[in-house]
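Input: a single structure, listed below in structure tokens.
In what follows, chains carry the letters A, B, and so on, assigned in the order in which the sequence lines appear, proteins first and then strands, with residues in each chain numbered from 1.
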Amino acid sequence: MALKVATWNVNSLNVRLGHLLQWLKGEPIDIVCLQETKLIDENFPVAALTAAGYRSLFSGQKTYNGVAILLRQDTVHEVANVQTQLPGIDDEQRRLIAATIDGIRVVCAYVPNGQAIGTEKYSYKLKWIAALHDWLHSELKQYGRLLAAGDFNIAPEPRDVHDPEAWAGQVLFSEPERAAFRALLNLGLKDSFRLFDQPGRMFTWWDYRNLAFRRKQGLRIDHILISDELAARCSGCTIDAGLRKLEQPSDHAPVIATLQ
DNA sequence: ATGGCATGACAATCATGA
């Protein structure tokens, strides 16, 4: 039985709940990782998602950040070891939620944006990824089947950027960020999207400004990383850009990995 | 051209995103 796992930065779950429900109705994903819910936990739409057949795990805050994992009740059964703190960093921002779901360690991450090179937020981004790296290192010793999905806010390679020359040295594509991403892969993780031949100009984020989506001016910054054991079971990874075409869309599109 | 566009908090702009 194939298992579909997705990650999507919704840029406000309040605004995007309709899109989410519509999407899941047409494509029943088994495990959905969400970022930028921008909701305090009391306001998480548990009832609407329960009615749609999903159990919700979430960690939110007011205005910014916020992450969640949705589990399709028909196909997902055991949930254990839910965790919302990233060890090794004193972070009040709600950017991580992890759970062991039917034996797979699922990590949902919203990596800091970084703002611009040389800023405090850029340092925080690199520090946050370093903490994620060290924690995933220990998790991988414990879990052979591990999946780390989310908005990494890093375009790993030139082909993940619509205009690599213009983006050279910019935040999201700077060498220290890309090195940090490679270090995650070097832990024994695969970028599931790159396990397969893909068309060119495949992105997951497009700026709201300048008709960037229509002009295909995007970045591939949302990723699903999987351990070797899961990579052996992975039969596909796609980006669902259709949601970016709807009225009042998120600026990110979901990434979907299929595991056999 | 350091903005454009979107979201939330808050009540006219401002912080943040990427």
Side-chain angles (χ1 to χ4, degrees), chain A residues 7-20 33-45 58-68 91-96 108-129 132 149-181 193 201-224 239 241 243-255:
Chain A
T7 182
W8 188 25
N9 180 324
V10 289
N11 185 19
S12 171
L13 183 53
N14 192 35
V15 175
R16 234 65 66 190
L17 181 61
H19 288 186
L20 177 67
C33 298
L34 301 177
Q35 301 86 37
E36 284 207 88
T37 55
K38 300 187 178 180
L39 288 171
I40 56 171
D41 290 348
E42 297 91 292
N43 293 342
F44 199 89
F58 45 86
S59 176
Q61 66 180 84
K62 198 174 170 184
T63 312
Y64 302 117
N65 309 310
V67 286
D91 192 13
E92 295 141 23
Q93 302 187 19
R94 315 315 297 165
R95 294 181 174 277
L96 184 104
C108 170
Y110 175 44
V111 174
N113 165 282
Q115 195 178 54
I117 314 297
T119 62
E120 272 182 30
K121 285 177 184 167
Y122 184 77
S123 308
Y124 163 63
K125 178 179 193 173
L126 292 180
K127 207 173 119 188
W128 201 95
I129 300 171
L132 179 68
D151 178 357
F152 286 80
N153 268 316
I154 300 171
E157 300 176 53
R159 60 180 166 166
D160 299 315
V161 179
H162 70 91
D163 186 347
E165 284 183 23
W167 280 88
Q170 301 296 312
V171 74
L172 312 183
F173 190 54
S174 73
E175 190 44 49
E177 294 167 83
R178 292 166 62 194
F181 188 85
F193 189 75
R201 300 181 76 78
M202 293 295 283
F203 308 123
T204 64
W205 171 84
W206 303 261
D207 202 307
Y208 282 123
R209 299 165 290 188
N210 302 326
L211 305 170
F213 181 69
R214 213 171 77 188
R215 292 176 177 167
K216 303 188 192 301
Q217 297 177 344
L219 304 176
R220 194 177 69 90
I221 56 177
D222 301 85
H223 309 292
I224 299 177
I239 298 167
L243 286 167
R244 188 64 173 78
K245 297 171 186 165
L246 300 176
E247 285 294 314
Q248 206 178 1
S250 168
D251 44 357
H252 295 253
V255 183

Tell me: [atom1] of [X] to [atom2] of [N], nearest whole Å?
{"X": "Asn43(A)", "N": "dG8(B)", "atom1": "CG", "atom2": "P", "result": "11 Å"}
{"X": "Tyr208(A)", "N": "dG4(B)", "atom1": "OH", "atom2": "C1'", "result": "14 Å"}
{"X": "Leu219(A)", "N": "dA18(B)", "atom1": "CG", "atom2": "C1'", "result": "7 Å"}
{"X": "Asn65(A)", "N": "dA9(B)", "atom1": "CG", "atom2": "P", "result": "13 Å"}
{"X": "Lys62(A)", "N": "dG8(B)", "atom1": "NZ", "atom2": "P", "result": "13 Å"}
{"X": "Asn210(A)", "N": "dT2(B)", "atom1": "CG", "atom2": "P", "result": "14 Å"}
{"X": "Arg94(A)", "N": "dG8(B)", "atom1": "CZ", "atom2": "P", "result": "20 Å"}
{"X": "Asp251(A)", "N": "dT16(B)", "atom1": "CG", "atom2": "P", "result": "17 Å"}

Provide the full list of salt bridge (Lys or Arg N to Asp or Glu O under 4.0 Å) pairs with a residue in residues 155-167 of chain A, sequence neighbours left out, each pair given once. Glu157(A)-Arg159(A), Asp160(A)-Arg194(A), Asp160(A)-Arg220(A)
What salt bridge (Lys or Arg N to Asp or Glu O under 4.0 Å) pairs are there with at least one residue in residues 9-20 of chain A, not counting sequence neighbours? none
Would you say [X] places a side-chain N or O within less than 4.0 Å of OP1 or OP2 belonging to [N]?
{"X": "Arg16(A)", "N": "dT7(B)", "value": "yes"}
{"X": "Asn153(A)", "N": "dA18(B)", "value": "yes"}
{"X": "Ser12(A)", "N": "dG8(B)", "value": "yes"}
{"X": "His252(A)", "N": "dG17(B)", "value": "no"}

Test item: side-chain donor near acceptor, Asn9(A) and Glu36(A), under 3.5 Å: yes
No-hydrogen, no-angle side-chain donor-acceptor test under 3.5 Å, Arg94(A) and Asn65(A): no
Given [options], identify the nucleotide with an atom nearest to the side chain of [X].
{"X": "Tyr110(A)", "options": "dA18(B), dG4(B), dG8(B)", "answer": "dA18(B)"}
{"X": "Asn11(A)", "options": "dT7(B), dG8(B), dG4(B)", "answer": "dT7(B)"}
{"X": "Tyr64(A)", "options": "dA15(B), dA18(B), dG17(B)", "answer": "dA15(B)"}

Under 4.0 Å, heavy atoms only, any strand: does [X] hit a base, just the sugar-phosphate, or nothing?
{"X": "Asn9(A)", "value": "sugar-phosphate"}
{"X": "Val171(A)", "value": "nothing"}
{"X": "Asp151(A)", "value": "sugar-phosphate"}
{"X": "Gln248(A)", "value": "sugar-phosphate"}

Using heavy atoms and a sub-4.0 Å distance, could you list which residues of residues 115-127 of chain A are near DNA chain B? By number, please. Lys121(A)
Considering residues at least two apart in sequence or located in another chain, which fulfil the side-chain contact (heavy atoms from CB on, under 4.5 Å) criterion with [X]?
{"X": "Asn113(A)", "value": "Gln115(A), Asn153(A), Leu172(A)"}
{"X": "Asn210(A)", "value": "Arg215(A)"}
{"X": "Ala179(A)", "value": "Glu175(A), Arg182(A)"}

Taking the C1' atom in each of dT13(B) and dA1(B), what is the distance between them to the nearest angstrom? 22 Å
Between dT2(B) and dA11(B) - P atom distance, rounded Å: 30 Å
Determine whether the aromatic ring centres of residues Trp167(A) and Phe173(A) are separated by less than 6.0 angstrom. no
For Asn14(A) and for Arg95(A), locate the closest nucleotide of DNA chain B by heavy-atom distance; then report the residue assigned to the nucleotide nearer the 5' terminus. Asn14(A)
